[in-house]
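All remarks here apply to the structure that follows.
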There are 2 protein chains.
Amino acid sequence: MMELKKLRYFVTVATLKNFTAAAKSLNTVQPAISRQIASLEAELGVKLLIRNTRAVTLTEAGSYLLENAQRMFELEQEIVTSVRKIDKGEIGQIRIGYLASACFSFIGELVGLFSQQLPNVRVQLTELTSQEQIDAFNKNEIDVGFSRPIPNDMNFQLDCKNIYNDRLVAVIPKCHALSKCESIAISDLKEENIILLNRMKAVGLFNKINTLFHQEEINPNIVSQPHNMQTLLTEVSAKLGIAIAPSCVAKLYTKGCSFIPLDCTGIEVPLEIQCLKDNNNIIVEEFVKLTTQNKKLIMQLSQLELSGHYPPK
Amino acid sequence: MMELKKLRYFVTVATLKNFTAAAKSLNTVQPAISRQIASLEAELGVKLLIRNTRAVTLTEAGSYLLENAQRMFELEQEIVTSVRKIDKGEIGQIRIGYLASACFSFIGELVGLFSQQLPNVRVQLTELTSQEQIDAFNKNEIDVGFSRPIPNDMNFQLDCKNIYNDRLVAVIPKCHALSKCESIAISDLKEENIILLNRMKAVGLFNKINTLFHQEEINPNIVSQPHNMQTLLTEVSAKLGIAIAPSCVAKLYTKGCSFIPLDCTGIEVPLEIQCLKDNNNIIVEEFVKLTTQNKKLIMQLSQLELSGHYPPK
DNA sequence: CTGCATCAATACTTTTTAGGTATTAATGAT
DNA sequence: ATCATTAATACCTAAAAAGTATTGATGCAG
């Protein structure tokens, strides 16, 4: 094996054309150089230098090696530099999955802050439901995710940190009588047409809302189960019914919708940041750290004041 | 310095994800591997592997190093292979200078033979006068040259080997009375118009011919000094006069010219192959060897039978 | 052409580094 | 909780490299 040390010795001798001078330059003694060069030549089976008490000259093979050894050193340097930068998280990538309706109001700002801190880290954002994020973690397609809490039997391998707890609100057509209330009880919705986000898109949310009804022994009259929040709002504004959704949807396009606080318990909808346990990825660590440090900002960006009617004015 | 040996150890461990297995694969023991990996990590200041009694995993930096170490090994292999080939003369280049009129009849064939023997050696052919070849050697622009002998004070650094001795002949217009002679003496040319190759183009030849005249105490009537041999022949065929030139010019376009042997001594014109002394270039050595081994072929290609008239028929 | 000066190679010793053996410590798995 | 596996550590040995002193070769000056 052509060790880099020997290569360095050779390059020095070939450049200075003098073993003794090379030895000084390498902080060693001339016999050490002689031996290492001899060993390199033996290893290659090729004479590299023509020794001549008066002058050291290069063979053709030696000339080639001199030129190309530099490439080895450059490559070594490049790799070492990159390895160190990767270790410090200065270069690399992070793949982020996020729940669209819950995160769109802050994700841009958050990633902006992150990129300012680590400008050479490539950020890949993918809009995914909670379930899709679990799958993505299993397939190693994302490094970090923003999602609602997931059942315990599925998150054993995930580190989950709460970002903020959103609350469920009633989304009521502006012209509907209930839209004038300060707050609404589940029992007020007994006779109303109810719109809920499709179960497949958010099992947790669906179950949570159903529980609220069942606690009051109400069998809700579900008239629609749209597949995304924006459609849900559109259906409310079209007076198809009343929806129950996390308050953060008030950040979407809400014309014709009023957001009225629910007057009951069990309406908290936590948002978490999740990543693989023992991920040992400093970039992910940095991102999680930045996110938790900016919980307040995220909450501000996501929530509207819950007192009074939505949207204000 | 990131020694290749350590890199190799690292790659093995990172691939097998097991120190003990890596040790076996590298024909050593596990503690040796542990220490070398630790030393590599210390050197880089970067953790590369996450040890875990059950499984060894890579950090981000480790993954990068694993991928890129291969590039180092490939480069090393490429360089080693090339160095060995260059040493054997299997790849490289040779820059050949040659005297056009003396060599054109054989240089193609000779280079063809050479390329057959060393197909990956690039051959660069340059048409140069003897003087230009000396300059080219000094400027390190050619590795080998075909030239007439050069004055001793200029060739101290050159290795010169005789290829063959050409002879001077009289070049006589076909219709000229002398063209019927079996041979010609210098004294026959006393009253004739004489054409000689320009002195600057071939000092040696010029002096040699002048000497022939002066030995006979003849002051030749030089009517033209063309700059190349083909022009010289054209002038003879145009009946401007009689030329004296090496017989090899009979291989040029010779319509209207007869070539008659000179009946005197001192008409030998040697052709040499020359290269730098102590050149240590195996390709040059091989070329010189091939050339000297093919002296006979070169002579056949260069010379026509000197008995009788030129060209035959 | 003889002695001098220069410089690489060699012989031998010392130091440094790497490898080997035995053991310990940590940690999944049964 | 115990066992099995595996990396780390301590200690010793072997190998490799460096250092010292000397030799040998060679170009140069007188």
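Below, all heavy atoms of this structure are taken into account, side chains as well, without hydrogens, waters or symmetry copies. First the proteins, then the strands, lettered A, B, ... as listed; each starts at 1. These numbers were taken from a predicted model, which means no experiment stands behind them.
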Reckon A:Ser34 has a side-chain N or O less than 4.0 Å from the OP1 or OP2 of C:dA9? yes

Spacing between A:Lys47 atom NZ and C:dA8 atom C1', to the nearest angstrom: 12 Å

Under 3.5 Å, is there a donor-acceptor pair between the side chain of A:Glu3 and the main chain of B:Lys5? yes

Just the rounded figure in Å: distance from C1' of C:dA9 to CG of A:Leu49. 14 Å

What is the separation between atom CD1 on A:Ile33 and atom P on C:dT10, rounded to the nearest whole Å? 16 Å

With heavy atoms under 4.0 Å as the rule, sort A:Arg51 into base, sugar-phosphate or nothing. sugar-phosphate

Hey, does the side chain of B:Gln30 come within less than 4.0 Å of C:dT21's phosphate (OP1/OP2), counting only N and O? no

Round to a whole Å and report the spacing from NZ of B:Lys24 to P of D:dT5. 11 Å

5' priority, DNA chain D, between A:Ser39 and A:Asn52 [closest heavy atom]: A:Ser39

Touch class at under 4.0 angstrom, heavy-atom based, for A:Lys5 against every strand present: sugar-phosphate

Examine D:dA7: is either OP1 or OP2 under 4.0 Å from a nitrogen or oxygen in the side chain of B:Thr20? Give yes or no. yes

Side chains of B:Arg95 and B:Gln124: is there a donor and an acceptor less than 3.5 Å apart? no

Can you name the one residue among A:Ile298, A:Ile96, A:Val144 that meets side chain to side chain contact (heavy atoms under 4.5 Å, CB included) with A:Ile273? A:Val144

Among B:Arg51, B:Lys6, B:Arg35, which one satisfies salt bridge (Lys or Arg N to Asp or Glu O under 4.0 Å) with B:Glu41? B:Arg51

Rounded at 0.5 Å granularity, tell me how far CG in A:Asp159 sits from CD in A:Glu285. 10.0 Å

Separation of B:Arg54 atom CZ from D:dC3 atom P, in whole Å? 15 Å

Can you measure B:Lys6 atom NZ to C:dG19 atom C1' for me and round it to whole angstrom units? 14 Å

Whole Å only: how far is the CG atom of B:Asn27 from the C1' atom of C:dA18? 15 Å

Atom CG of B:Leu16 and atom P of D:dA7 are separated, to the nearest Å, by 11 Å

When you measure from the side-chain N and O atoms of A:Thr28 to the phosphate of D:dG19, is any distance below 4.0 Å, counting only OP1 and OP2? yes

Under-4.0 Å side-chain N/O to phosphate OP1/OP2 contact, B:Asn18 with D:dT6: yes

To the side chain of A:Pro31, which of C:dA11, C:dG19, D:dA18 is closest? C:dA11

